[in-house]
Student: 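One structure, as structure tokens, below. Some questions next.
Just so you know, residue 1 is the first one in the sequence shown, and it goes up from there. We count ligands from 1, going down the list as the structure has it; atoms in each ligand are counted the same way.
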Amino acid sequence: MRRKIIAGNWKMNQTPKEAEALIKDLKGKVDSVDSDVVFCVPYVDLKLAVELLEGTSIAVGAQNVHAMDKGAYTGEISALMLKEIGVKYVIIGHSERRQYFGETDESVNEKVKKSLSVGLIPIICVGESIVQRKQGVTIDFVRVQTRIALLGVPAEDAQRLVIAYEPIWAIGTGLTATSGQAEEVCAGIRRFLAEIYDEETASKIRIQYGGSVSGANARELFEMPNIDGGLVGGASLKPEFEKIVNYAPR
Ligand code: 13P
């Protein structure tokens, strides 16, 4: 049985002062629940988040990482730097990074391998545009993204990582994929993982859904057999996040 994982992607929100207030407000409400909970915060909030969340079950994640160990890469942050300050997860290949910052399937793959090598858990984002959905190529597209992201990643490492299926048309739009649409693609990703690895490995990899997850739709989405939680944007900054994390009655 896969443990659910619900991660908040804060994107470029919350100064350190604002982050402190939000973490203090949320932490008691989303701690020690039946799912893994992760706050993926801006770089400048990471250390503070790690300190404030010490002693809780809530983990901290970054939103990007560089593929090299160190060197002349002005403005970048390495996997080892994240690891050393206590970061556990890292979002890789978010569609906003692909769209605005030139992230490619190949750079995603390099970042995934580097992160795994230092013990960080990648949350790899994949997902189609509205054009691709209308063309009927969603599964094909997501398979290619997944295949390239995982090139050279052995099965024992793959079991640790998380894949987030985030249809681009559902991000920040209030338009959520139906639980049926989301389940169809997440199940397709799992079948593909079984093809490139094996059934057992595929059954261990957690697949999240992301895209306008809210307190109102979390339960229906997360109860689908191949959806192992969510990557939550806007609602992760609101009191509503408590409702999403506690989507199942306790
Ligand atoms: P929203 O939940 O705001 O649609 O964002 C989803 C997302 O991009 C999470 O990574």
Student: Would you call W10 and Q63 a side-chain contact if the rule is heavy atoms closer than 4.5 Å?
Tutor: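 When only atoms from C-beta onward are counted, Q63 and W10 do touch, with a gap below 4.5 Å.
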
Student: Taking only non-hydrogen atoms of A235, do any sit less than 4.0 angstrom from ligand 1?
Tutor: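 The answer is no: ligand 1 sits nowhere under 4.0 Å from a heavy atom of A235.
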
Student: Mind checking whether I6 and Y247 have side chains closer than 4.5 Å, heavy atoms only?
Tutor: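 They are in side-chain contact.
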
Student: Distance under 4.0 Å to a non-hydrogen atom of E166: what atoms of ligand 1 satisfy this?
Tutor: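 Contacts of ligand 1 toward E166, numbered from 1: 6 (C), 7 (C), 8 (O), 9 (C), 10 (O).
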
Student: Quick one: does G210 get a heavy atom under 4.0 Å from ligand 1?
Tutor: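 Distance cut 4.0 Å: G210 fails for ligand 1.
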
Student: Which atoms of ligand 1 sit under 4.0 Å from any heavy atom of G234?
Tutor: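 Going through ligand 1 atom by atom, the ones under 4.0 Å from G234 are 1 (P), 2 (O), 3 (O).
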
Student: Got a salt bridge between D105 and R147, using NZ or NE/NH1/NH2 to carboxylate O under 4.0 Å?
Tutor: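 R147 and D105: not salt-bridged.
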
Student: In this structure, does ligand 1 have an atom that sits under 4.0 Å from one of the heavy atoms of A170?
Tutor: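 True for this residue.
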
Student: Below a 4.0 angstrom heavy-atom separation, can you tell me which part of N9, side chain or backbone, both or neither, approaches ligand 1?
Tutor: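 Near ligand 1, N9 shows its side chain, while the N, CA, C and O stay back.
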
Student: How far does OG of S236 sit from CG of N9, to the nearest 0.5 angstrom?
Tutor: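 One finds 6.5 Å between OG of S236 and CG of N9.
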
Student: Do ligand 1 and E96 have nitrogen or oxygen atoms that lie under 3.5 Å from each other?
Tutor: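 No - when backbone and side-chain N and O of E96 are compared with those of ligand 1, no distance drops under 3.5 Å.
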
Student: Can you find a heavy atom in the side chain of Q145 that is under 4.5 Å from one in the side chain of I124?
Tutor: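 Sidechains of I124 and Q145: no contact.
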
Student: What distance separates K111 NZ from L120 CG, expressed to the nearest 0.5 Å?
Tutor: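 Those atoms lie 13.0 Å apart.
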
Student: Got the closest protein heavy atom to atom 2 (O) of ligand 1, with its distance?
Tutor: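 Its nearest protein heavy-atom neighbour is G233 N, 2.9 Å.
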
Student: With respect to D228, which candidate in R190, R3, K204 satisfies the salt bridge (charged side-chain N to carboxylate O under 4.0 Å, His left out) definition?
Tutor: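 Of the listed residues R190, R3, K204, the salt bridge (charged side-chain N to carboxylate O under 4.0 Å, His left out) partner of D228 is R190.
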
Student: Measure the shortest side-chain to side-chain distance between V112 and L161 over non-hydrogen atoms and say whether it is less than 4.5 angstrom.
Tutor: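 Heavy-atom side-chain distance check passes, below 4.5 Å.
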
Student: Of G172, A164, C40, which has the heavy atom at the shortest distance from atom 4 (O) of ligand 1?
Tutor: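 Shortest heavy-atom distance from atom 4 (O) of ligand 1: G172.
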
Student: Purely on distance, is any nitrogen or oxygen of T173 under 3.5 Å from one on ligand 1?
Tutor: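 For ligand 1, there is no N or O atom that lies under 3.5 Å from one belonging to T173.
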
Student: For ligand 1, which atoms, with element, lie under 4.0 Å from some heavy atom of G211?
Tutor: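 Close to G211: 4 (O), 6 (C).
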
Student: Within ligand 1, which atoms have a heavy atom of S212 less than 4.0 Å away?
Tutor: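 Listed by number with element: 1 (P), 2 (O), 4 (O).
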
Student: Using a 4.0 Å cut-off to any heavy atom of L231, which atoms of ligand 1 qualify?
Tutor: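 Counting from 1, the qualifying ligand atoms are 9 (C), 10 (O).
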
Student: With heavy-atom distances below 4.5 Å as the criterion, would you say the side chains of D157 and K113 are in contact?
Tutor: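 SC-SC contact between D157 and K113 ruled out.
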
Student: Using a 4.0 Å cutoff against the non-hydrogen atoms of K11, which atoms of ligand 1 qualify?
Tutor: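 This gives 5 (O), 6 (C), 7 (C), 8 (O) as the contact atoms.
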
